[in-house]
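A short write-up of the structure that comes next.
What you are looking at is a predicted structure, and each value in this text was computed from that prediction instead of being measured. By convention in this document, chain letters (A, B, ...) are assigned in the order of the sequence lines, proteins followed by strands, and residues within each chain are numbered from 1.
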Protein chains: 2
Amino acid sequence: MGVIRKTKSVEALLNEFNQGQEAISAKQLIEQLDSKFNKTTIYRVLDRLEEDGVLHSFLGKDGLKWYAKCNGCSASKHKDVHPHFQCLKCGKVDCLSINMPIPHIPNRKVEVSQILIQGLCEQCFV
Amino acid sequence: MGVIRKTKSVEALLNEFNQGQEAISAKQLIEQLDSKFNKTTIYRVLDRLEEDGVLHSFLGKDGLKWYAKCNGCSASKHKDVHPHFQCLKCGKVDCLSINMPIPHIPNRKVEVSQILIQGLCEQCFV
DNA sequence: AATATAATGCAACTAAGTTGCGATAACAAA
DNA sequence: TTTGTTATCGCAACTTAGTTGCATTATATT
Ligand SMILES: [Mn+2]
Ligand SMILES: [Mn+2]
Ligand SMILES: [Zn+2]
Ligand SMILES: [Zn+2]
């Protein structure tokens with residue numbers, strides 16, 4: 001059902017994602033905000049923000065859950081789909097605004113695709 | 001260091017993967033072989049078979065670890081990379097023998113990519 | 001201010017996967 | 001076949017990301 005009340009935790013999380021464009025893992029958010037909010041709260045606020053189309057989530061290379069800001073999504077329609085990139089050196093994850101078409105696969109119906117590219121990011125790639 | 005002794009558990013696991021071509025999750029293998037082997041053993045044998053290039057692993061949509069047979073890989077070289085397909089209805093996962101080139105990404109060095117396509121499989125897609 | 005209920009904190013829980021260690025069983029040498 | 005080495009196994013205890021139930025608190029509405 002998404003966010004209904006503008007609480008401290010909602011504001012704090014939105015603030016984290018407004019620091020930059022890169023993705024943040026739930027784990028990292030819990031560590032950063034440990035003194036201010038319970039981890040249950042953080043998980044629940046992230047859920048609600050995702051429902052609203054404010055954030056989207058995906059799994060990183062170790063199966064951890066990552067979140068990033070959505071562009072042009074709403075509660076009714078999540079249209080901002082794209083590959084993600086995880087740096088093998090510094091661990092940073094971000095959204096790639098490139099289009100990767102899924103080729104036709106015989107006898108199968110493709111619904112979603114999640115693409116995680118790994119390598120060296122802009123900072124780590126000399 | 002891979003498999004050195006041909007034990008019962010190694011044989012049993014290889015047998016599971018020789019029933020067909022589709023991927024099997026560690027979880028599923030543990031359930032199936034529960035009466036015969038300890039889960040620790042299963043995780044460890046899977047590790048070793050992967051080291052040998054007999055199996056390869058990847059994460060499914062829920063972050064569970066899946067394994068499938070390798071084609072033409074060895075302990076020294078894992079060359080069998082490809083996308084995977086997970087059926088949203090029956091849960092089945094298999095390897096796709098299609099080539100999906102990763103486009104060039106400015107200022108980044110691409111090392112690996114994992115692609116998980118989700119939809120309806122051959123059996124579930126009427 | 002009073003009310004309704006969304007949201008929070010806490011503790012307990014779940015479940016996939018890992019670790020340490022003593023016991024067992026491959027396998028090769030004798 | 002017997003023996004010795006050690007890879008492998010089973011077990012129990014652990015780790016950790018994420019979830020759940022419930023009593024309490026805080027936000028928004030009247
Ligand atoms: Mn993204
Ligand atoms: Mn595969
Ligand atoms: Zn980096
Ligand atoms: Zn199916």
How long is the straight-line distance from CD1 of Ile117(A) back to CD of Gln86(A), given to the nearest 0.5 Å?
12.0 Å
Please answer whether the main-chain N or O of Ala75(A) pairs with a side-chain N or O of Asp52(A) as donor and acceptor at a distance below 3.5 Å.
no
So does Thr41(A) get a side-chain nitrogen or oxygen closer than 4.0 Å to the phosphate oxygens (OP1/OP2) of dG9(C)?
yes
Report yes if the side chains of Val54(A) and Leu14(A) come closer than 4.5 Å at any heavy-atom pair, otherwise no.
yes
Can you tell me how far P of dA7(C) sits from CD of Glu11(A), to the nearest Å?
13 Å
Mind listing the residues from residues 46-64 of chain B sitting with a heavy atom below 4.0 Å of DNA chain D? Number order is fine.
Arg48(B)
Of residues 25-39 of chain B, the positions that come close to DNA chain C - non-hydrogen atoms, cut-off under 4.0 Å
Ala26(B), Lys27(B), Lys39(B)
Is there a side-chain contact between Phe37(B) and Lys8(B) in this structure, where contact means two heavy atoms from C-beta onward sitting under 4.5 Å apart?
yes
Lys89(A) vs Gln123(A), side chain to side chain donor-acceptor pair (under 3.5 Å): CA-CA, chis, key distance, verdict:
CA-CA 10 Å; Lys89(A) 196 178 170 199; Gln123(A) 280 80 51; over 6 Å; no
Just by distance, do the side chain of His56(B) and the backbone of Ala68(B) share a donor-acceptor pair under 3.5 Å?
yes
Kindly indicate whether the side chain of Val112(A), heavy atoms from C-beta on, has any atom under 4.5 Å from the side chain of Val81(A).
no
Protein-nucleotide distance (Tyr43(A), atom OH; dG21(D), atom C1'), rounded to Å:
18 Å
Just by distance, do the side chain of Asp80(A) and the backbone of Cys73(A) share a donor-acceptor pair under 3.5 Å?
no
Is a donor-acceptor pair below 3.5 Å formed from side chain Arg44(A) to base dG9(C), judging by atom type as modelled?
yes
Would you give a per-nucleotide map of nucleotides 23-30 of chain C, 5' to 3', where B means the base has a protein non-hydrogen atom under 4.0 Å away, S means only the sugar-phosphate does, and - means neither?
--BBS---
Examine distances only and state if a side-chain atom of Asn15(B) and a backbone atom of Glu11(B) form a donor-acceptor pair shorter than 3.5 Å.
no
Under 3.5 Å donor-acceptor, Glu50(B) side chain and Ser57(B) backbone:
yes
Whole-Å distance, Ile42(A) CD1 to dT19(D) P, equals 13 Å
Are any side-chain N or O atoms of Asp62(A) and backbone N or O atoms of Leu64(A), one a donor and one an acceptor, separated by less than 3.5 Å?
no
